[in-house]
A.B. asks: 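Have a look at this one.
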Number of protein chains: 2
Amino acid sequence: MSTLAQNKADLERASTAQKVADMLRERVLDGELEPGLRLSEEAIGGALGVSRNTLREAFRLLTRDRILVHEHSRGVFVRRPTGADVRDLYAARRVIECGALRLWNDVTEAQREAVRAPVRQAVARAEKNDFSKTGSANIQFHRGIVGLAGSTRLSDESDRLFAELMLAFRVAHEVDAFHQTYLPWNRRIVELLNNGTVEQAVQQLDEYFDAAEKDLSGRLLAD
Amino acid sequence: MSTLAQNKADLERASTAQKVADMLRERVLDGELEPGLRLSEEAIGGALGVSRNTLREAFRLLTRDRILVHEHSRGVFVRRPTGADVRDLYAARRVIECGALRLWNDVTEAQREAVRAPVRQAVARAEKNDFSKTGSANIQFHRGIVGLAGSTRLSDESDRLFAELMLAFRVAHEVDAFHQTYLPWNRRIVELLNNGTVEQAVQQLDEYFDAAEKDLSGRLLAD
DNA sequence: GATTGTGGGATTGTTGAACGATTCTACGAT
DNA sequence: ATCGTAGAATCGTTCAACAATCCCACAATC
């Protein structure tokens, strides 16, 4: 039965539009397609060998994820988050993640481990001066926090918020360095959780959001 | 300047796909198109006088809002929420709304009024034995709570959660009667908020979610 | 009788071309 | 320098076509 579940992903062959969307999403989040860039239907479609209709469908999928923005009769652009966007994003994250973290004592051990593990790995790498994956580790930590709520809808929406924040980092010309700053914060939160002082951990997380929002929006204004 | 803002909506003429999507959304939420129904591209497109491509774009918009579900090479269907969906929805709402409600003392008076007003109106109508709009009033109450967070992204996602719940009510053959039951709960929450006992209001809201989830999933199983 | 092929028919997935509508750009008039 | 206008480029929408896939009914097999 487990093998069947594994094969399921293969059987569910993605549509052409889905594959194109995945490719474009990767390009955008990797920074090859910079925020603000306009994506011409003809140029992209010709380069990828898909028809305009299929490409437009891929654009729609990425618009749903807030990776792209659509302007009527003007085309689609790589999203370029503003200071107001960053405030909105952190307001949402504050409510979601602080709320989820308060459930710490009511969830399974596997859920708790999904919060601890990313921090443990990041600490291990940092001790070896390896800061290559601190960005994704930080995101995994916060994904784990959202996962405490046990709602796929909430986790999916949070993934969209994270993706949008990655674009904001890109605009601020900060990607890895940004996350790196906050590893000590994550350690402290995990320690407080392990000590059973959940409310203190929540408060610490809230302060983290304050600092991160201020830092990021400050860099955005300078741009 | 205010007139300019008013005209803005007119200038931003909706695309054909958007108009089609709005029409279909209304039909679905009104119950004319029942959960589980398959929407044929040819039939719907022919009836509305739009091409398949445009209709497919409208379908994508509604799929984003979780009103429709798309199955590869099989078509789109009106979403039919299951018991698992209801649990997931309430897990998300619990985190979002309880988290937002905790911000009660940190928001503007206008935001607080957006929570109180729907309950006041519902009470006034109930005293006149008018239960016509209790459903939308209940939703307005919860929209107000989410609005305390001050995040359009969070509010938009919550609207999608609400729409999905409306479909679940439809499957459970309960729409207005369901909301009506919970007016007393809403009153109590507002009273606790006005008394300044925010944490008690949050706890009351949490219990509301427990009761509502149990009630709704029970009716779903019976179906 | 239940399960397993095996057709044909209907529907979706994708492409390509076409044309009106809208936006952008550059040039020239005031 | 500002404004208006013509032309080019691009988007929005439709239509037609064909391949790929799914569904359903019927026959074959155990």
A.B. asks: Determine whether any donor atom in the side chain of B:Asn53 lies under 3.5 Å from an acceptor atom in the base of D:dG12, or the reverse, and answer yes or no.
C.D. replies: no

A.B. asks: Could you list the residues that satisfy side-chain contact (heavy atoms from CB on, under 4.5 Å) with B:Ser151, not counting sequence neighbours?
C.D. replies: A:Asp88, A:Ala91, A:Ala92, B:Arg153, B:Leu154

A.B. asks: Hey, can you pull the residues of residues 62-70 of chain B with a non-hydrogen atom under 4.0 angstrom from DNA chain C?
C.D. replies: B:His70

A.B. asks: Residues two or more places apart in sequence or in another chain: which of them pass side-chain contact (heavy atoms from CB on, under 4.5 Å) with A:Val69?
C.D. replies: A:Phe77, A:Arg79

A.B. asks: Which atoms of nucleotides 4-10 of chain D (N or O only) lie under 3.5 Å from a protein N or O atom, and what are those distances?
C.D. replies:
unit_1, atom_1, unit_2, atom_2, d
D:dT10, O3', A:Arg38, NH2, 2.5

A.B. asks: Apply side-chain contact (heavy atoms from CB on, under 4.5 Å) to A:Glu57 and list each qualifying residue two or more places apart in sequence or on a separate chain.
C.D. replies: A:Ala17, A:Arg60, B:Arg56, B:Arg60

A.B. asks: Suppose we screen for salt bridge (Lys or Arg N to Asp or Glu O under 4.0 Å). Which residues come up paired with A:Asp210, at least two apart in sequence or across chains?
C.D. replies: A:Arg94

A.B. asks: Partners of B:Glu109 by side-chain hydrogen bond (donor to acceptor under 3.5 Å, both in side chains), sequence neighbours excluded?
C.D. replies: B:Arg112, B:Arg116

A.B. asks: Please identify each residue that fulfils side-chain contact (heavy atoms from CB on, under 4.5 Å) with B:Ser155, with sequence neighbours left out.
C.D. replies: B:Val146

A.B. asks: Could you give the distance from CZ (B:Arg143) to OG (B:Ser158), rounded to the nearest 0.5 Å?
C.D. replies: 9.0 Å

A.B. asks: For residues 26-40 of chain B, which side-chain N or O atoms pair as donor and acceptor with protein atoms under 3.5 Å away, sequence neighbours left out?
C.D. replies:
unit_1, atom_1, unit_2, atom_2, d
B:Arg38, NE, B:Arg74, O, 3.1
B:Ser40, OG, B:Glu42, N, 3.3
B:Ser40, OG, B:Ala43, N, 3.2

A.B. asks: Distance check: side-chain N/O of B:Arg56 vs OP1/OP2 of C:dG13, anything under 4.0 Å?
C.D. replies: yes

A.B. asks: Heavy atoms from C-beta onward define the side chain here; which of D:dC11, C:dG13, C:dG16 lies closest to that of A:Ser51?
C.D. replies: C:dG16

